[in-house]
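What you see below is based on every heavy atom in this structure, not just the backbone, and it leaves out hydrogens, waters and symmetry mates. Below, chains carry the letters A, B, ... as their sequence lines are ordered, and counting in each starts from 1. Please read all numbers here as calculations on a predicted model, not as lab measurements.
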2 protein chains.
Amino acid sequence: MRQKLTQNQQKVMDYLKQQVKENGIAPSLRTAAAELDISHAAVAQTLKFLEDKAYIRREGRYSRTLHILEDTGDIDAGQRQKQIPIIGRITAGLPMYAQQEWGGSLILDAALYPGQNLFALRIQGSSMKDAGILDQDLAICEPRQYARDREIVVALIHHEEATVKRFFLLPDGIELRPENPDFTPQIYGFDEVLIQGKVIGIVRGGMEG
Amino acid sequence: MRQKLTQNQQKVMDYLKQQVKENGIAPSLRTAAAELDISHAAVAQTLKFLEDKAYIRREGRYSRTLHILEDTGDIDAGQRQKQIPIIGRITAGLPMYAQQEWGGSLILDAALYPGQNLFALRIQGSSMKDAGILDQDLAICEPRQYARDREIVVALIHHEEATVKRFFLLPDGIELRPENPDFTPQIYGFDEVLIQGKVIGIVRGGMEG
DNA sequence: AAACCATTTACATTTATATTGACATTTAAT
DNA sequence: ATTAAATGTCAATATAAATGTAAATGGTTT
């Protein structure tokens with residue numbers, strides 16, 4: 001939804017529309033200023049507001065070309081919104097919703113994260129630091145019961161602890177490798193690890209401090 | 001269960017819902033006051049009650065942004081989506097609004113990223129790797145003309161090159177420090193660097209392969 | 001009595017508007 | 001090419017309007 005215009009902005013807007021319609025080109029700042037009986041810089045300032053509010057679009061630095069934007073507004077936004085749950089803990093295969101979050105859900109861009117039944121997991125610790133996954137990040141995950149070599153996955157170890165690691169398939173087991181030299185890779189038997197999903201993205205917020 | 005509203009509070013609540021739906025933004029106190037035919041302070045007071053009872057949520061001290069909350073205490077999903085532009089290039093000191101050479105737009109969670117006029121910047125290179133910011137990530141930025149010590153900022157160097165670095169204020173200049181040992185910090189004079197914004201979040205997608 | 005509703009008044013902050021003057025760029029004339 | 005005029009930009013500044021907040025006060029409802 002476009003922001004509404006103030007009275008003054010509407011006046012300038014109307015004037016612009018009329019001028020463009022009559023002459024095919026926008027008037028110069030000083031011409032407009034004279035007709036509107038204000039200073040040229042004031043006109044320039046109002047044009048800035050109009051551009052901010054997406055009513056007009058100007059091109060180039062010193063050109064007078066100016067487009068009047070119709071209200072075509074990107075309404076496709078509604079289709080692009082996707083709401084996924086934020087999982088707190090994963091225990092015994094049953095994901096538990098994290099209620100301490102914002103209602104336990106996260107809005108994200110469907111265009112960026114294709115797939116269905118995605119979920120988000122809040123990262124604890126910095127074991128995947130070198131993969132650009134930090135403590136408190138939200139990992140966007142796609143549910144999966146299997147994994148391919150070198151993928152970053154959400155794994156449940158011993159039906160208890162959920163962790164995010166890089167997955168390696170060994171001849172006789174599974175290696176879950178952190179991406180941080182302070183942590184050591186762990187090797188498990190096939191029956192010790194349950195793959196829960198694959199990490200397909202990261203969302204980090206709250207970098208206020 | 002939420003506390004029930006009084007008749008008056010319900011009236012104001014209904015009015016707010018309708019206004020937010022129509023205009024996408026809450027009316028000013030005095031506008032609301034005029035339409036409800038009470039004083040502006042009365043509206044403010046009722047808003048406080050509504051916020052206490054978790055029916056609405058307001059942001060900032062002097063901002064008009066207001067969210068309608070659902071029964072569960074969540075922000076209504078419709079209000080939680082926020083669409084921000086993805087800035088493609090930052091060129092020659094042009095102010096932000098002029099650079100909207102559509103790299104597209106991004107939907108994100110308004111609850112996670114408060115603030116107005118946010119924009120996104122696609123990261124090139126891995127100079128901020130150790131801060132968990134990787135190549136091709138989308139940096140969520142808040143427009144800012146200044147920066148505080150140690151903040152991660154978007155800076156324009158010599159009116160040409162836009163970079164994301166950690167900001168340090170020195171006695172006689174500015175240090176822009178990468179977070180990657182392969183890169184070296186750079187020191188600039190005050191007039192060589194233009195702060196364009198502050199990085200408040202990261203969105204990473206496409207970790208398919 | 002306590003919670004709620006409402007008013008008036010004063011105040012701080014933000015946003016919009018406007019001015020002036022200097023400057024850089026473009027355009028047109030020479 | 002040079003010059004002059006027109007034009008857009010920018011900075012500093014100022015003012016007005018809109019807006020949210022707070023305090024003091026009193027009425028109404030429960």
Side-chain angles (χ1 to χ4, degrees), chain A residues 3-16 19 23 25-53 55-67, chain B residues 2-16 19 23 25-53 55-67 91-99 115-117 142-146 156 159 190-191 194 196:
Chain A
Q3 248 179 304
K4 276 183 184 159
L5 296 182
T6 67
Q7 213 171 1
N8 175 68
Q9 288 163 357
Q10 188 64 56
K11 195 176 81 182
V12 175
M13 189 70 197
D14 289 342
Y15 171 75
L16 283 180
Q19 286 295 307
N23 310 329
I25 191 175
S28 77
L29 286 187
R30 284 170 177 81
T31 305
E35 300 213 21
L36 293 167
D37 200 24
I38 51 179
S39 77
H40 64 276
V43 177
Q45 220 172 163
T46 301
L47 290 190
K48 244 178 220 166
F49 284 121
L50 287 176
E51 193 168 16
D52 279 347
K53 293 187 179 177
Y55 278 74
I56 63 174
R57 176 70 159 279
R58 306 168 79 190
E59 278 175 17
R61 186 176 159 88
Y62 280 99
S63 89
R64 280 171 55 182
T65 56
L66 173 151
H67 302 286
Chain B
R2 269 195 301 196
Q3 234 181 315
K4 274 182 186 163
L5 295 182
T6 66
Q7 210 172 0
N8 175 67
Q9 288 164 354
Q10 188 62 56
K11 194 176 80 181
V12 175
M13 190 69 197
D14 289 343
Y15 171 75
L16 283 180
Q19 286 295 308
N23 307 328
I25 191 173
S28 76
L29 285 187
R30 282 167 178 81
T31 304
E35 300 214 21
L36 293 167
D37 200 26
I38 51 180
S39 76
H40 66 274
V43 178
Q45 224 173 158
T46 301
L47 289 190
K48 247 178 214 158
F49 286 128
L50 287 176
E51 194 166 15
D52 283 346
K53 293 187 179 177
Y55 277 76
I56 62 174
R57 193 166 101 80
R58 309 215 279 162
E59 269 177 30
R61 184 177 161 87
Y62 278 97
S63 91
R64 237 152 314 147
T65 56
L66 172 151
H67 301 289
T91 46
L94 291 181
M96 278 302 173
Y97 64 82
Q99 307 150 10
Q116 293 176 344
N117 300 320
E142 173 187 295
R144 275 269 209 88
Q145 279 72 49
Y146 59 94
L156 199 61
H159 293 250
F190 290 114
D191 52 353
L194 264 179
Q196 298 278 2

Compare the minimum distances between each of [options] and the side chain of [X], then state the nucleotide with the smallest one.
X: H40(B); options: dA6(C), dA22(D), dG21(C); value: dA22(D)
X: Q45(B); options: dA6(C), dT20(C), dA22(D); value: dA6(C)
X: Q9(B); options: dA18(C), dC10(D), dC5(C); value: dC5(C)
X: R30(A); options: dA16(C), dG8(D), dT8(C); value: dG8(D)
X: A41(B); options: dA23(D), dT20(C), dA6(C); value: dA23(D)
X: L29(B); options: dA18(C), dG20(D), dA6(C); value: dG20(D)
X: N8(B); options: dC5(C), dA23(D), dT19(C); value: dC5(C)

Can you see which heavy atom on Q9(A) is nearest to which on K4(A), and at what distance?
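Nearest pair, atom of Q9(A) first, then K4(A): OE1-O, 4.5 Å.
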Which pair of non-hydrogen atoms, one from P27(A) and one from A32(A), has the smallest distance, and what is that distance?
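Shortest heavy-atom separation between P27(A) and A32(A) comes out as CG-CB, 4.1 Å.
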Could you tell me how far apart [X] ([atom1]) and [N] ([atom2]) are, to the nearest whole angstrom?
X: L66(B); N: dG20(D); atom1: CG; atom2: P; answer: 10 Å
X: K11(B); N: dC4(C); atom1: NZ; atom2: P; answer: 17 Å
X: K53(A); N: dT17(C); atom1: NZ; atom2: C1'; answer: 12 Å
X: I25(A); N: dA6(D); atom1: CD1; atom2: P; answer: 16 Å
X: Q7(A); N: dA18(C); atom1: CD; atom2: P; answer: 11 Å
X: K48(B); N: dT21(D); atom1: NZ; atom2: P; answer: 7 Å
X: L47(B); N: dT19(D); atom1: CG; atom2: P; answer: 14 Å

Contact class for [X] (heavy atom, under 4.0 Å): base, sugar-phosphate, or nothing?
X: A42(B); result: base
X: F49(B); result: sugar-phosphate
X: S28(B); result: sugar-phosphate

Within the distance-only criterion (no hydrogens, no angle test), does the side chain of Y55(B) pair as donor or acceptor with the backbone N or O of Q3(B) below 3.5 angstrom?
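Yes.
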Closer than 4.0 Å, any side-chain N/O of [X] to the OP1 or OP2 of [N]?
X: R58(B); N: dT19(D); value: no
X: T6(B); N: dC5(C); value: yes
X: K4(B); N: dT30(D); value: no

State whether the number of non-hydrogen atoms from other residues, nucleotides or ligands found under 6.0 Å of D52(B) atom CG is greater than 12.
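Above 12, so yes.
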For T46(A), run the side-chain contact (heavy atoms from CB on, under 4.5 Å) check against L36(A), T6(A), V12(A) and tell me which one passes.
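Output: one option passes, namely V12(A).
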